[in-house]
Amino acid sequence: MGAVRIATWNVNSIRSRIERVIPWLERTEVDVLAIQETKTREDQFPFFRFEEIGYEVAHHGLNQWNGVAIASRVGLSDVQAGFAGAPLWGEGETPEARHLAATCGGLRINSVYVPNGRNLVDPHMDYKVEWLARLRDAALTWAAQGPTMIMGDWNIAPQDEDVWSMEFYADKSHVSPRERAAFRAVVEAGYADLVRPLHPGPKVYTYWDYQQLRFQKGRGMRIDFILATPDVAARVTGALIDREERKGKGASDHAPVVVDLADA
DNA sequence: ATGGTAGAAATTCTA
């Protein structure tokens, strides 16, 4: 496989964002895009818009919440929705669309949308930590099977420098020791952060709340990550957090994160 | 001025 450009992007509704996503794909020449928060059922996903510009798409969406997809122009096979052991949500044991895997260009691509813990004492926080623990178990298996990438919205800021104010987040979700330990455990299952070495902080963010002019004020969080096994990490030739896509009317609250990989 | 932003769907939930 030759050089490839891989990206992840929480689009916050694929239907409301499609007129940004399609031109962005064409402009940036991304070969594989992992998408999170499609917020749509299968029958409402705009498959044709991707197909008409040369991408195959796999999507996993159950309702108006969550939803993950992978678009690829370097092949897309062995699609798997959900990983083995993934917990169900709540008393109702509701399945949620938070993981999709496919093989693209010789790489095993995992698009993940980690649950939002909401706050430190919410039941969603226990669910989040459990979900990450089970992801870690799956990730350990994947790392032994071949070149693997796990990318998406992790809803965790692993380091203090990954938020605009630790004082603001001190008693909130995303920065707690539990969440950070759960993220670190996935990394320690055999993965590297492909972007941080090229774009160290502080003040490097991938998400800015829509409220309070957070983007304009530079008040963001780094919560979207591309992790990969060492064989993939050794191929990285460049990385970009595309802040331009956070600008203007109709932007997602997340920026796309992009890496370039050299020939295998 | 008791709000604030955005999206999906249904009069509220999620982030």
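Throughout, protein chains are lettered first and strands after them, A, B, ... in sequence-line order, and every chain is numbered starting at 1. No hydrogens, no waters, no symmetry mates; every other heavy atom, side chains included, goes into these values. Being a predicted model, the structure only gives us computed values, none of them experimental.
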Could you tell me whether the side chains of A:Asn116 and A:His124 share a donor-acceptor contact shorter than 3.5 Å? no
Using distance only, find each side-chain donor-acceptor pair of residues 225-238 of chain A under 3.5 Å and give its atom names and separation, not counting sequence neighbours.
{"unit_1": "A:Thr229", "atom_1": "OG1", "unit_2": "A:Thr148", "atom_2": "N", "d": "3.0"}
{"unit_1": "A:Thr229", "atom_1": "OG1", "unit_2": "A:Thr148", "atom_2": "O", "d": "3.4"}
{"unit_1": "A:Thr229", "atom_1": "OG1", "unit_2": "A:Asp231", "atom_2": "OD1", "d": "2.6"}
{"unit_1": "A:Arg235", "atom_1": "NE", "unit_2": "A:Ala262", "atom_2": "O", "d": "2.7"}
{"unit_1": "A:Arg235", "atom_1": "NH2", "unit_2": "A:Ala262", "atom_2": "O", "d": "2.8"}
{"unit_1": "A:Thr237", "atom_1": "OG1", "unit_2": "A:Asp260", "atom_2": "O", "d": "3.4"}

Checking side-chain hydrogen bond (donor to acceptor under 3.5 Å, both in side chains) for the pair A:His254/A:Asn12: CA distance, chi angles, key distance, verdict? CA-CA 8 Å; A:His254 295 252; A:Asn12 188 13; over 6 Å; no
Pick the C1' atom in B:dA1 and in B:dG7, then give their distance to the nearest Å. 25 Å
Quick tally for nucleotides 5-15 of chain B: nucleotides whose base has a protein heavy atom under 4.0 Å get B, sugar-phosphate-only ones S, the rest -, giving BSBSS---BSS
For nucleotides B:dT12 and B:dG3, find the distance between their P atoms and express it as a whole number of Å. 16 Å
Would you say the ring centroid of A:Phe45 lies under 6.0 angstrom from that of A:Phe50? yes
Whole-angstrom distance between B:dA9 and B:dA15, as gauged at atom P: 15 Å
Is a donor from one side chain sitting under 3.5 angstrom from an acceptor on the other, for A:Thr103 and A:Arg108? yes
Have A:Trp9 and A:Asp153 got a donor and an acceptor in their side chains that come within less than 3.5 Å? no
Distance, P atom - from B:dA10 to B:dA6, rounded to whole angstrom: 23 Å
